[in-house]
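Have a look at the structure below before the remarks.
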Amino acid sequence: MDILRKAWVIWLKDLRLEWRTLDSVSGMFFFSLLVLVIFNFTFDFTTTDFREIGPGVLWVTFTFAGILALSHSFVIEKDGDAMQGLLLAPIDPSSIYLGKMLSNLTMMLCVELILVPLSAVLFNFPILGKLGALAAVLAVSTLGFAGVGTLLGALTARTRRGEVLLPLLLFSICVPIIIAAVETTRAVMRTGSLSGAKEWFVIAAAFDAVFVTAAFLTFEFIIEE
């Protein structure tokens, strides 16, 4: 329980810092909006079925926008050597990981929850009746992406080419959950439920269980090296 209480403090600190500047969220939102507008002009959705390419469009947008949040997460701790202060504080490193992961997850989900209805308007696609299943897909898929990304963000923040290394490592590891996210989103768009992609949803949940647990257990060694 002490780990959860301290993770809550880290989560609250990050969200307050973000609320003051909106650096990460505003960057994610405007980048995502630009990508969606470009896709909207690229494809003729009067003849193209959005249910076929829409899941790919959405998850390309979400994952690239997520990179902005993940790369920013530990960069803010470099100012004034705040990370060193966190490590010297009586806080378990696992609490730091959990708090950082939850703050990244929160910001990514907030942007996604704005973009999903916006994309429905841009691409003239009805999403009413599908919101429950779509929210489950977003939550499970984004959790795995944020869990791995938070660990890699800590690992690459101290390297000279961290901004290049982070997407290379992250996309290499997260290929299974991105594919599962696209397939489950496609099933929801077609049927309004997960009935056609239960296997992919199980794969995404298993990815979360394995990789988030592994990241939680190894974060202490990563951050102290």
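All values reported here derive from a predicted model rather than from experimental measurement.
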If you define the side chain from C-beta out and look only at heavy atoms, does anything of F29 sit under 4.5 Å from C110? no

Can E220 and S94 be counted as having a side-chain donor-acceptor contact under 3.5 angstrom? no

Can you find a heavy atom in the side chain of L134 that is under 4.5 Å from one in the side chain of T185? yes

Between atom CD1 of I178 and atom CD of E183, what is the distance when rounded to the nearest 0.5 Å? 13.0 Å

M101 CE to F219 CZ distance, which is reported to the nearest 0.5 Å: 11.0 Å

Report the distance from atom CG of D92 to atom CD1 of I3, rounding to the nearest 0.5 Å. 4.5 Å

Heavy atoms of S32 and L115 approach each other most closely as CB-CD1, 3.1 Å

For S119 and L58, work out which heavy atoms get closest and say how close. OG-CD2, 3.6 Å

Transitive ILVMFWY side-chain link F123 to L34, under 4.5 Å: no

Inter-residue atom distance T106.OG1 - N104.CG, 0.5 Å rounding: 8.5 Å

Would you confirm whether T184, through its side chain, and A181, through its main-chain N or O, come within 3.5 Å as a donor-acceptor pair? yes

Transitive ILVMFWY side-chain link M189 to L118, under 4.5 Å: yes

Output field: ring centroids F171/F64 closer than 6.0 Å: yes

Indicate if L152 and L105 have the same hydrophobic cluster label, given that clusters are the connected sets of ILVMFWY residues with side-chain heavy-atom separations under 4.5 angstrom. yes

Path from I38 to I53 over hydrophobic side-chain contacts below 4.5 Å: no

Side-chain (T61) to main-chain (V35) donor-acceptor, under 3.5 angstrom: no

Apply side chain to side chain contact (heavy atoms under 4.5 Å, CB included) to W200 and V182, showing your working. CA-CA 9 Å; W200 287 109; V182 171; over 6 Å; no

Show the nearest heavy-atom pair for residues T63 and F145, with the distance to one decimal. O-CZ, 3.6 Å

Using the ring of each side chain (for Trp, its six-membered ring), is F62 parallel, tilted or perpendicular to W59, with breaks at 30° and 60°? perpendicular

Answer whether the closest heavy-atom distance between the side chains of V212 and Y97 falls below 4.5 Å. yes

Looking at K130 and V188, would you say the former's side chain and the latter's main chain have a donor-acceptor pair under 3.5 Å? no

Rounding to 0.5 Å, atoms OG1 (T142) and CG (L109) come to a distance of 5.0 Å

May I ask you to decide whether K100 forms a salt bridge with D14, counting only side-chain N to carboxylate O separations under 4.0 Å? yes

In short, S103 meets W11 closest at the heavy-atom pair N-CD1, 3.2 Å

A215 to G147 - nearest heavy-atom pair and separation: CB-O, 3.9 Å

Can you name the nearest heavy-atom pair linking M28 to M107, along with the distance? CE-O, 4.0 Å

So do the side chains of D208 and I177 get within less than 4.5 Å of each other, counting heavy atoms only? yes

Say you draw a straight line from CG of L102 to CG of L143; how long is it, rounded to the nearest 0.5 Å? 8.5 Å

Report the C-alpha distance between L70 and T150 in whole Å, list the side-chain angles of each, state the deciding distance to 0.1 Å, and finish with yes or no for side chain to side chain contact (heavy atoms under 4.5 Å, CB included). CA-CA 6 Å; L70 295 169; T150 301; 4.1 Å; yes

What about L12 and L4, same hydrophobic cluster or not, with Ile/Leu/Val/Met/Phe/Trp/Tyr joined at side-chain heavy-atom distances under 4.5 Å? yes

